[in-house]
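As structure tokens, the structure follows; a few thoughts come after it.
Naming: A, B, ... by sequence-line order, numbering from 1 per chain.
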Amino acid sequence: MFMPTEEKPVFTPCDNKQRLIRYVDALREATSQEMANDERVFLFGLDVDDHKGIQGSTLGLLEQFGPERVFGTPLSEDAMTGFAVGAAMAGLRPIHVHIRMDFMLLAINQLINMAAKSHYMYNGQVNVPLVIRTMIGRSWGQGAQHSQALHALFMHIPGLKIFAPSNAHDAKGCLITAIRDNNPVIFIEHRLLYSTEGYVSPEVYTVPFGKARTFVPGHDITIVAISHMVMEALRASKHLEKIGLSADIIDPISLRPLDMETIVNSVKKTGRLLIVDNGWLTCGASSEIMARMIELLPEGLNGKAIPMARMGFADTPCPTTKNLENLFYPSSHTIAEKAYTLISGKTNTDWLPAATSKTEIDAFKGPF
Amino acid sequence: MFMPTEEKPVFTPCDNKQRLIRYVDALREATSQEMANDERVFLFGLDVDDHKGIQGSTLGLLEQFGPERVFGTPLSEDAMTGFAVGAAMAGLRPIHVHIRMDFMLLAINQLINMAAKSHYMYNGQVNVPLVIRTMIGRSWGQGAQHSQALHALFMHIPGLKIFAPSNAHDAKGCLITAIRDNNPVIFIEHRLLYSTEGYVSPEVYTVPFGKARTFVPGHDITIVAISHMVMEALRASKHLEKIGLSADIIDPISLRPLDMETIVNSVKKTGRLLIVDNGWLTCGASSEIMARMIELLPEGLNGKAIPMARMGFADTPCPTTKNLENLFYPSSHTIAEKAYTLISGKTNTDWLPAATSKTEIDAFKGPF
Amino acid sequence: MTQDQALIARLYQSMLLIRELEQHIVDVYHTDAVKSPVHLSIGQESVAVGVCDPLNSDDIVSNTYRCHATYLAKGGDINGMMAELYGKKHGCAGGKAGSMHLVDIKHGILGASAVVGTTIPIAAGYAFALQQEAKKTGKQRIVASLFGDGATEEGVFTETINFAMLKKLPIIFICENNQLAIHSPLRSRWASEHICERVASFGIRTHQVKNADIFELHQLISKEAENIRNGISGPVFIECETYRWLEHVGPGDDHHEEYRDPNELALWKNKDQIARLANMLAPHEKEKINQKVAALIKNAVAFAEQSPYPDEEELFTHVYAN
Amino acid sequence: MTQDQALIARLYQSMLLIRELEQHIVDVYHTDAVKSPVHLSIGQESVAVGVCDPLNSDDIVSNTYRCHATYLAKGGDINGMMAELYGKKHGCAGGKAGSMHLVDIKHGILGASAVVGTTIPIAAGYAFALQQEAKKTGKQRIVASLFGDGATEEGVFTETINFAMLKKLPIIFICENNQLAIHSPLRSRWASEHICERVASFGIRTHQVKNADIFELHQLISKEAENIRNGISGPVFIECETYRWLEHVGPGDDHHEEYRDPNELALWKNKDQIARLANMLAPHEKEKINQKVAALIKNAVAFAEQSPYPDEEELFTHVYAN
Ligand SMILES: Cc1ncc(C[n+]2csc(CCOP(=O)(O)OP(=O)(O)O)c2C)c(N)n1
Ligand SMILES: Cc1ncc(C[n+]2csc(CCOP(=O)(O)OP(=O)(O)O)c2C)c(N)n1
Ligand SMILES: [Mg+2]
Ligand SMILES: [Mg+2]
């Protein structure tokens, strides 16, 4: 378990019941509680029932609920996804787990052609209450095929809902919401968030779709950050603080539906918008947020175009070697730099701290 | 064969060699010429060799080139795509045909995880010169699973190139370019364009990637339209003409790479931008074009935000019944209306012609 | 094998209803009343009826786009079907689904997909839910999953077969082998023609029904459904030889095309199971059924014609479930 | 079966090189010199060597992420491999690929994929190109496609098997059956344990090699490659029983985990093909090879250590081919 020493959990406890637990444990707790609450819920997918338990997020559930509600599968993503859709149509509530988001490309036909469309095509006669838990890899040479963040592909599709929680509190609340939702939900987890801690209530609670969360209210710029990039944006805001600048850090949490109201209100206050996606830019979440800004504030602010910019993965496959991989991702430094430029119009970087303390990015080591 | 009576082909002949031929024939001619030119090219996919020949676009090629270079396959999209990737890596130049774009979801793992990444992942040691011809369906109750236009999913992915020609001339030139390109190219054809005619040279010629085409130069607004929406935008511009408004109609032709320069220059002239996608909006081509506008003209024009809007498929699966399907798609009327509003700020529609003449949309009939 | 007359009458009516309804589509198609691709089952009726008749009304049937036959055979609402074909508001899916996606959950018709093979794993998932249900209710419902010979080429078919056997699911897989995928014959798609052998290599019980024999199929399904209900575990796989009389999609006959052998049509018309049963019925019995079927279709057409088109707002309903 | 000494020496050296190189990875892994997931083949070396040794240098081998062994056995550049593992500029893919995607086109190593099963159809496509090539050159090159038991569960495997047989492709499929997919045993993934039977149902020649026997496999590949080159058509399928000594990914032994049976490790160590060959060699022969292998690895490590990291611009090169 790793906690960057100088960093604090993003939530402070609101009552003394809350515990500081890891994201991975929050996921497991949510699953366990909902499976106990609702016997229609079952959990399956490659490796959910082995001794590593999807990096710990499913450990103990086999013992708690038995092999009929917690089971592994053959390597057959396409059929297993269809299987989940069918079970969901019949009234069960499957949670299907992919240990890498990249494998969802084998499941996408069922998700887009069947899961997303059945309720509509059959005019409401069936529901598909299905949760797809899917993990984004990063670091340690995972490379081009083991670290893709493909939420944009799913955001494009009416009929799907998407969560991408950035912290333990939301991981638990969103997962419970997803399990209770009557639609197919793509639930995106970032591997590097698994070991990060947050204050989480032991109670059952939900975090809603379509409601973004603002961290560290600020004045000078709005930074919308997705998934793991929330952590980098929070670090960037600390850099900015040192030179007296403050940022509204907004985590959309739910990518479809997307809460633009929170973003627009923030931009009305700060006057600037930087979007930091944890994914590629082209036809990505960042494009969509920009496009909606134009639709919602077509005349800009005070008669002027709103300064907006976006960052995300380099427009390349992800290389494995560390020095290139570091350049592939936005970092707290590049984010702070970009924000500074948007605010000041200047490009100097001498104010940036030379090195940052060790983060979960450096702490992550193999085998995987 | 259908040609709307009041409509002229978008190109006029530049020499007397050019013939008025259909889009589908242009596709076949390009394939035939390139297969004759280069024996590494082969054509395969479900039904390419039957008596219907992919609505005619592959007819006669079996006879011309034999069953080793023109062959059908089992229903196995995933393996057939991998097969094409392997043949391409070995130096052949496969053209793989999907009669519906919807089926590409079964092939997408090979396209994104393998085809798009191999050249990079192997540091240039292999090329994947592969063309995926894929048809967007529309009309006649094709419905939710047979009329999707999924170019946005592919635009998101570095390593892929994408063409979506809107007329016979470009269909031929783009297909030749695609076949000669050393990268995986998604070549998107619209079923309703197949019967439309254009002036096409019998010579071998290419239409380049990354170069948009402007039709009907105008002054009041820039309309960027994609694939079949080019036809609707051209019709819309005729409506606008009647009230003295003129539009630059821009067809990007190539969606990745995307020629923003032509669009930006046009918008600098017209001051307004309407994007009409032949697809869903969220994380779509329309979002991307808007986002790039902001990146390229961050301060807008003359210190003001540029009026921009977008249209595309309704954010729903596509219904089959005609009256709902008509509402699902942008039409020349709704495009003209939106353009008029962007230009004038007004929303009245009394100036619009009551009915339009029969188009390829109404002319299209089943069985399929 | 002596067949009791009531059964013959029932099977005859069920098959005839399919044929006559589809014949109605053929007749009106040129009027554009049905603005939808139609994949007709004329000639293949005995498969749908042989499979569905032995099932209980709360059993489930799952299908592909060629789904008119199973919809009717399983007892789907005929008025809703006709209105759906006509694109009307009172269609079984409010006009949103069309010919390729007929659905009637109340009657255990799980819908159908235009993407070949995609309903096979869904049927297995449904069967899993029924397996779990049976542990509580003590009553084992069954899923019948129908698909064409072409569908077995998709990877998802083998994946599902393997998993269904691993989990011993209460499902009967039925391959409607008409030897064609659109216009491609089996030999250009299957390395080996023995699909039963292939499926049996997963340890699954398999059966082949030749000549589209309605009695043989009916008995097989009855027995295997019984087996599954009694805990002699599933899955089961059945290959039914059959033949498509009309073109792949659309109302026409295409035996003039090269991919077809006109002799084959004659051969199969000789084996027509509807004609076979007609001959086994007393003339007045037959006539009664014929009239009943005609009336059902006439009513359905009237119903469909009178139904309005869906309201424009319907475009936006049911994108998400509440 | 008398084996000639030169062959024994060659096979021993090839297998030893794999084991020792991977042992080096095990030894240095804690230093983070190799910042990459590593899927080691220690214990499984005889499969790669038995397959690759009989092939010609212009034949092709295709693999999954567990690809160190075939890379070396097929004659891949060891310096390029080590530098790739170290993430360096002179790696076989300039540091962009890492352990899971080793590639050396010059030596017929087609690369490898981290997505299970995905290289199988690609190998078939390559074989198709070689089939076409042979019609011009008269010389039939061959593709060997290696994958694990888990890969056979993916639909794409069956799809490819069917198509390869339809087209009689010059390809040998080799399933490295270590009975595990990560930690899942065969019985929780395969409805039937007889993979050869399943594949044979497509009409393909199949063989099973037990006990990872290097000679048996070597001979089989030699014979079948010969057959294919002589126009006794492919494809061929071979199942090789083998055993993974270490954990699925990473340098450790995990026989303390419940999914493992420690007796099995002892059993398989008894069958170790490297030890077997070592015993068949004269001591000084063996010693010579051991030293040669050690030197090769030492050189490769020095090469890798000295190679710089790639230049930053490399992030953006080779996204598209010219
Ligand atoms: C995944 C997919 N690939 C291709 C098609 C195009 N297609 C429509 S029907 C069909 C033939 C299917 O044959 P079969 O399964 O035997 O069913 P039949 O039409 O003979 O009843 C094909 C290839 C499709 N709909 N879906
Ligand atoms: C498509 C896909 N699904 C799941 C995984 C996760 N995964 C990585 S290795 C592996 C096991 C593969 O087993 P096998 O094919 O037998 O190869 P082995 O590791 O035993 O050599 C799995 C499931 C993956 N990489 N790709
Ligand atoms: Mg068929
Ligand atoms: Mg294995």
Report summary line: Scored by heavy-atom pairs under 4.5 Å with chain A, the best of B:Met104, B:Gln110, B:Arg310, B:Met114 is B:Arg310

Report task. Taking atom CD of B:Glu295 as the centre, report whether more than 12 heavy atoms of other residues, nucleotides or ligands fall under 6.0 Å from it. Result -> yes

Query - A:Leu105 side, atom CG; B:Ile157 side, atom CD1 - distance, nearest 0.5 Å - result: 7.5 Å

Report summary line: In terms of heavy-atom pairs under 4.5 Å with chain B, the winner among A:Ser287, A:Ala291, A:Cys283 is A:Cys283

Report task. Indicate the atoms forming the closest heavy-atom contact of A:His156 with B:Ala149, along with that distance. Result -> NE2-O, 4.3 Å

Report summary line: In short, B:Pro317 meets A:Pro158 closest at the heavy-atom pair N-CG, 4.1 Å

Requested in this report: Take B:Ile112 and A:Gln148 through the test side-chain contact (heavy atoms from CB on, under 4.5 Å) and record every step on the way to the result.
Outcome: CA-CA 10 Å; B:Ile112 295 184; A:Gln148 289 168 98; 3.5 Å; yes

Query - side-chain contact (heavy atoms from CB on, under 4.5 Å) between B:Leu281 and A:Arg292, intermediate numbers included - result: CA-CA 10 Å; B:Leu281 297 183; A:Arg292 294 210 191 168; over 6 Å; no

Report task. Please report the shortest heavy-atom distance between A:Glu288 and B:Thr282, naming the atom on each side. Result -> OE1-CA, 3.1 Å

Query raised in the report: Looking at A:Asn113 and B:Gln145, what are the two nearest heavy atoms and their distance?
Result: O-NE2, 2.8 Å

Query raised in the report: Checking heavy atoms, do the side chain of B:Met308, its backbone, both or neither come under 4.5 Å from chain A?
Result: both

Requested in this report: May I ask you to decide whether B:Lys304 forms a salt bridge with A:Glu299, counting only side-chain N to carboxylate O separations under 4.0 Å?
Outcome: no

Requested in this report: Using non-hydrogen atoms and a 4.5 Å limit, figure out which bit of B:Asp78 sits close to chain A: side chain, backbone, both or neither.
Outcome: side chain

Report task. Counting only heavy atoms closer than 4.5 Å, note whether B:Leu153 contacts chain A via side chain, backbone, both or neither. Result -> both

Requested in this report: Indicate whether any N or O donor in one side chain lies under 3.5 Å from an N or O acceptor in the other, for A:Glu77 and B:Asn109.
Outcome: no

Requested in this report: Heavy-atom distances under 4.5 Å only: say whether A:Met155 touches chain B with side chain, backbone, both or neither.
Outcome: both

Requested in this report: Write down the atom of B:Tyr120, the atom of A:Cys318, and the distance for their closest heavy-atom approach.
Outcome: CE2-C, 4.4 Å

Query raised in the report: Between B:Ala116, B:Ala144, B:Gly159, B:Pro298, which residue shows the highest count of heavy-atom pairs closer than 4.5 Å to chain A?
Result: B:Ala144

Report summary line: Smallest heavy-atom separation, A:Gly300 atom then B:Ala305 atom, equals N-CB, 4.0 Å

Report task. State plainly whether the residues A:Lys117 and B:Asp102 are in salt-bridge range, i.e. N to O under 4.0 Å. Result -> no

